[in-house]
Amino acid sequence: MSRSFVDRIDSAPPLAGLSVAVLAVSTSAILIRWSAAPSIVAAFYRVLFTTLLLAPVAIWRQPSAFARLSWRDAGGAALAGVALAIHFAAWFESLAWTSVAASVTLVQAQPLFVAFAAPLLLDERVGPRTVAGIALAVAGIAVMSAADLLGAGVLGPNPLYGNALALLGALAMAGYVLAGRSIRQRLPLLPYVIVVYTVAAATLLVILGVQRVPLLAYPPAEWVLFFAMAVGPGVFGHTVLNWALAHLESSVVSVSLLGEPVGSTLLALVLLGEIPGIVTALGGVVVLSGIVLTARARQQGA
């Protein structure tokens, strides 16, 4: 992280920044699969290392911003951090029980929750074209998931359990997006994400303590993967996503994240040898079509 990187984010077009975030988070499932460490450990170090990378930049660039945090905004950011921790804990674990395609697809069912809650909690208007785009993208999600349920794709050891965990991760992700959209309109990016990531790391550490999972004694390759999770999906993924939430409606951000299953499925094909069936491929096309429709609706205010 450098000053030039932060400045480039600040001056980037919102949809371009969101595209970078989606590409970055698409690598997450692959890095998790490569790791042999317990999923909760990988989640903890991903968030911890992301925080350690960003904290010096935040203190250097905006040292007074933390002192100006209101209790309301600090509490909201803390709740977003808890939601992020639940999202990571549930989703990372789901990847041990079901396929990459199913896990990454189901965890992105969050636009349903966001579209329902945004008008109530954020007073955001969701127009008919936006609703159509979300519906189309979610239909693609259903098609991709059907590949696993029908045995047309690569299955994990317990797909139903893994899929349930992924849906729990989706609900938590919706809360995270909604909280971020509300608070980021008032708070600068770096102070907000430092509070969120710190609380998320602390929550994951509590879960680690309850489960009595060892924190250390992992081989060097694992630490490289933990760091890669922080730099890619952490800094360029979730941090840029939080930046976009100050400029784009929550429904647009949430539905754009549906591009992650497509990217992860393609990476799983190349790097893990998980060959998607024709149903999964068709579902991916439908998802991307829904994202394009939603983005165009946003630009046209429909």
Side-chain angles (χ1 to χ4, degrees), residues 21 24-25 27-56 58 74-98 103-104 106-108 110 161-162 164-180 183 190-219 221-242 257 260 264:
V25 296
T27 66
S28 185
I30 307 303
L31 295 170
I32 296 166
R33 274 294 187 88
W34 278 341
S35 174
S39 58
I40 190 68
V41 172
F44 169 71
Y45 280 118
R46 166 177 164 169
V47 180
L48 177 64
F49 288 169
T50 302
T51 308
L52 294 176
L53 286 170
L54 293 173
L79 288 176
V82 173
L84 181 62
I86 294 173
H87 164 73
F88 282 145
W91 177 50
F92 277 39
E93 182 66 17
S94 77
L95 286 163
W97 300 100
T98 189
S103 174
V104 180
L106 289 173
V107 81
Q108 295 300 353
Q110 40 82 23
Y161 177 62
L165 287 172
L167 284 173
L168 174 60
L171 181 60
M173 186 64 179
Y176 172 65
V177 169
L178 290 166
I183 301 170
L190 292 177
Y192 172 72
V193 297
I194 293 303
V195 174
V196 171
Y197 296 161
T198 299
V199 172
T203 304
L204 291 167
L205 185 60
V206 170
I207 297 174
L208 277 166
V210 171
Q211 296 182 354
R212 297 188 177 182
V213 179
L215 273 176
L216 304 174
Y218 295 102
E222 291 294 334
W223 296 100
V224 171
L225 288 172
F226 297 155
F227 185 76
M229 292 178 198
V231 173
V235 173
F236 289 94
H238 274 263
T239 302
V240 177
L241 168 68
N242 279 299
L257 285 171
E260 180 183 352
S264 294

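A distance of 10.5 Å separates NE2 in H87 from CG in L168, rounded to the nearest 0.5 Å. Here L79 contributes atom CG and I183 contributes atom CD1; the two are 7.5 Å apart, rounded to the nearest 0.5 Å. Taken to the nearest 0.5 Å, the CZ atom of F227 stands 9.5 Å off from the OG1 atom of T50. From L190, atom CG reaches atom CG of L54 across 6.5 Å, with rounding to the nearest 0.5 Å. Separating the CG atom in L241 from the CE atom in M173 is a distance of 5.5 Å, to the nearest 0.5 Å.
The minimum heavy-atom distance between A74 and V195, with the atom names listed, is O-CG1, 4.2 Å. Taking every heavy atom of both residues into account, P233 and V25 meet most closely at O-CG1, 4.1 Å. Of all non-hydrogen atoms in V47 and A201, the two that sit nearest each other are CG1-N, 3.7 Å. Contact detail for L165 and S94: the closest heavy-atom pair is CB-CB, 3.7 Å. Scanning all heavy atoms of the two residues, the minimum distance from A83 to G175 falls at CB-C, 4.5 Å. Nearest approach of R33 to T98, heavy atoms of both residues: NH2-O, 3.0 Å.
Taking 4.5 Å as the limit, some side-chain heavy atom of Y197 sits within range of a side-chain heavy atom of L84. Side-chain contact check for V196 versus N242: every heavy-atom pair is 4.5 Å or farther apart. For the pair T203 and I86, the minimum side-chain heavy-atom distance is 4.5 Å or more. Using a 4.5 Å heavy-atom cutoff, the side chains of S35 and M229 are in contact. Looking only at side-chain heavy atoms (C-beta outward), T239 and Y192 stay at 4.5 Å or farther from each other.
A donor-acceptor pair under 3.5 Å links the side-chain atoms of Y45 to the main chain of L215, judged by distance alone. At least one donor-acceptor pair closer than 3.5 Å links the side chain of T27 to the backbone N or O of A24. Remark: side-chain polar atoms of E222 are paired, donor with acceptor, to backbone N or O of A36 under 3.5 angstrom.
Below 30°, between 30° and 60°, or above 60°: for F226 and Y218 the angle between ring planes is above 60°, a perpendicular geometry. The aromatic rings of H238 and F88 lie perpendicular to each other, with more than 60° between the two planes, well past the 30° mark.
A side chain to side chain donor-acceptor pair (under 3.5 Å) check over residues 228-237, counting only residues at least two apart or in different chains, returns nothing.
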